[in-house]
Amino acid sequence: MSDLTTLLEVGGPVAVLGGGAAYARAKHPAAYWSTIGLPVSTVRLLSSYGSVMEACGLTVAPSRLRVLAMKAMTQREVRPVPPRRGIIRPTLTGLKLRLRLAPGQEPADIAASAERLRHAWGVHSAYVTTVKPGVVELRLVGYDVLRRVRMPRKAVGGFLKVPVALREDATPFIRDYRTIPHQLTLGATLSGKSMYLRHLIAGLARQPVALVGIDCKRGVELAPFAPRLSALATDPDQAAELLPTLVKEMEDRYDLIRARQGIAPDTPDEEITSNIWGLPEDERPVPVVLFVDEVAELFLVATKKDEERRDEMVTQLIRLAQLGRAAGIYLEVCGQRFGAELGKGATMLRAQLTGRVCHRVNDEASAKMALGDIAPEAVHATCSIAPERPGLAVAGDTSGGWSRIRTPYLSLGDAAETCQESAHMVPDLAVLKPFRPDVPVRPVESAAPVVLPHPVID
């Protein structure tokens, strides 16, 4: 009886601790990882590193010198040699360690065994990146960081760089317009595409950049950001007038660059340029970022006259995508779907858009149009995005790499407030003044009425 009482007394706290750990793992995975998951996974890694590497086929036969030394000094069995392990560095979301590859190994060998490694060490996922020849970094992520997105504190952008989402390996996804000038962003209704767009506009609003919008849904998506926009077109007719203006501005900037190139022969090489970034700062035009929301509206036609206008607008978009980078004009093309059936020029425009971000879409053809030409294996990942996880997307580029990302929540009011506070940063571009949206003046809050003292009477 006493033994049973002792067991109950000991089992009670153990059950409470176990239940608390299970609750923390489900509801607060970051706290669970910091307190329990990190120590447990570290112990597993240290205690089983050699055997796990051998089981995964990541060991090689030891050198002859090592064999002779082992036989001379000890009587132990000479075992295969795993990659040399560096110092384990814990992070808020997992572990990082560097591995020096054994002779004859390559990074692809480690990457092929990533799934086995994550199961062996009890982590959510494992990723391999090359640091330098012969050295790779193994990043172990302890929990699903995309379930509840928390951007890293070090996710600081820069000029024309916006940390807009979180990758599945817990690193920030930064939209860098200098590296990837043009991008295609697709997503069905309630997929999180608008949230992605809000982060981009809010991030660029605080920078010396001209923001231009084409929103053929009567401006319902981009109108809240009107205080920070240099131009806004809310229907195809206005877009047909705005796009030629941007093309003319691009041509003027090329004339400026050519004038700079036609200088004296004794000019230093560093002053000769082929884009606006080589111009002196006092002569450099301000960069322009063009947001096209619901690009399909520019392709749809109802009459013969509309078809001619469509062809002109598509041609101008393609020209901006082909030549705009050197002139400092960047495109962010968004839509619910994108396919060759939109009409002439659709696939040609897509070919000029280096970056691709695809949220949940309603048909596989749109996923193939976004990612099929650069990373066919990413199409399946896009089609498997669940509706209850808005903001989840697959990001890729023409290099063939891709990863899952998720945008954190940003309310429309907060994004609009950021644009309102940054309204003074709208650059002075004379060519875009006719398209500047009308910004309603905020009502001035009336001051509290003055209360005059009243005499005290009987």
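It should be emphasised that the depicted structure is a prediction, and the values quoted were computed from it without experimental measurement.
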Any idea which heavy atoms bring [X] and [Y] closest together, and the distance?
{"X": "L279", "Y": "P285", "value": "CD1-CD, 4.0 Å"}
{"X": "V286", "Y": "P208", "value": "CG2-O, 3.2 Å"}
{"X": "P387", "Y": "R360", "value": "CA-NE, 3.6 Å"}
{"X": "A327", "Y": "M250", "value": "CB-CG, 3.8 Å"}
{"X": "I214", "Y": "L298", "value": "CG2-CD2, 4.3 Å"}
{"X": "P152", "Y": "A170", "value": "CG-O, 3.9 Å"}

For a 4.5 angstrom cut-off between non-hydrogen side-chain atoms, does [X] reach [Y]?
{"X": "D169", "Y": "S403", "value": "no"}
{"X": "I329", "Y": "V212", "value": "no"}
{"X": "V288", "Y": "L429", "value": "yes"}
{"X": "V426", "Y": "S230", "value": "yes"}
{"X": "V123", "Y": "W33", "value": "yes"}
{"X": "L45", "Y": "R85", "value": "yes"}
{"X": "E332", "Y": "R175", "value": "yes"}
{"X": "L138", "Y": "L95", "value": "no"}

**Prompt:** So which pairs with a foot in residues 34-46 pass salt bridge (Lys or Arg N to Asp or Glu O under 4.0 Å), sequence neighbours left out?
**Reply:**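 Those involving residues 34-46 do not exist here.
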
**Prompt:** Which pairs with one or both residues in residues 110-132 pass salt bridge (Lys or Arg N to Asp or Glu O under 4.0 Å), sequence neighbours excluded?
**Reply:**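 Salt bridge (Lys or Arg N to Asp or Glu O under 4.0 Å) check on residues 110-132 returns E115-R118.
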
**Prompt:** Taking it one step at a time, do F299 and L349 satisfy side chain to side chain contact (heavy atoms under 4.5 Å, CB included)?
**Reply:** CA-CA 12 Å; F299 283 85; L349 175 61; 4.2 Å; yes

Under 6.0 Å from the [atom1] atom of [X], do we count more than 12 heavy atoms belonging to anything else shown?
{"X": "L46", "atom1": "CG", "result": "yes"}
{"X": "E106", "atom1": "CD", "result": "yes"}
{"X": "R337", "atom1": "CZ", "result": "yes"}
{"X": "L300", "atom1": "CG", "result": "yes"}
{"X": "E281", "atom1": "CD", "result": "no"}
{"X": "R89", "atom1": "CZ", "result": "yes"}

**Message:** Distance check, rounded to the nearest 0.5 Å: I405 atom CD1 versus C358 atom SG?
**Reply:**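 If I round to the nearest 0.5 Å, the distance is 10.5 Å.
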
**Request:** Measure the spacing between CD1 of I180 and CD1 of I174 and express it to the nearest 0.5 Å.
**Result:**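 Here the interatomic distance stands at 11.5 Å.
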
Within the side chain of [X], is there an N or O that forms a donor-acceptor pair under 3.5 Å with the backbone of [Y]?
{"X": "H182", "Y": "L331", "result": "yes"}
{"X": "S34", "Y": "A31", "result": "no"}
{"X": "S366", "Y": "N362", "result": "no"}
{"X": "Q207", "Y": "L160", "result": "yes"}
{"X": "R406", "Y": "R147", "result": "yes"}
{"X": "R206", "Y": "M425", "result": "no"}
{"X": "R198", "Y": "K193", "result": "no"}
{"X": "Q105", "Y": "A102", "result": "yes"}
{"X": "R436", "Y": "L229", "result": "yes"}
{"X": "R389", "Y": "L146", "result": "yes"}

**Request:** If the plane angle is over 60° it's perpendicular, under 30° parallel, otherwise tilted; pick one for H359 and Y196.
**Result:**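 Perpendicular.
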
**Request:** Over 60° means perpendicular and under 30° means parallel, so classify the ring planes of W277 and F159, tilted if in between.
**Result:**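 Taking W277 first and then F159, their aromatic rings stand perpendicular (interplane angle over 60°).
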
**Asked** Mind checking what makes salt bridge (charged side-chain N to carboxylate O under 4.0 Å, His left out) contact with K96, not counting sequence neighbours?
**Response**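 So K96 forms no salt bridge (charged side-chain N to carboxylate O under 4.0 Å, His left out) with any residue.
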
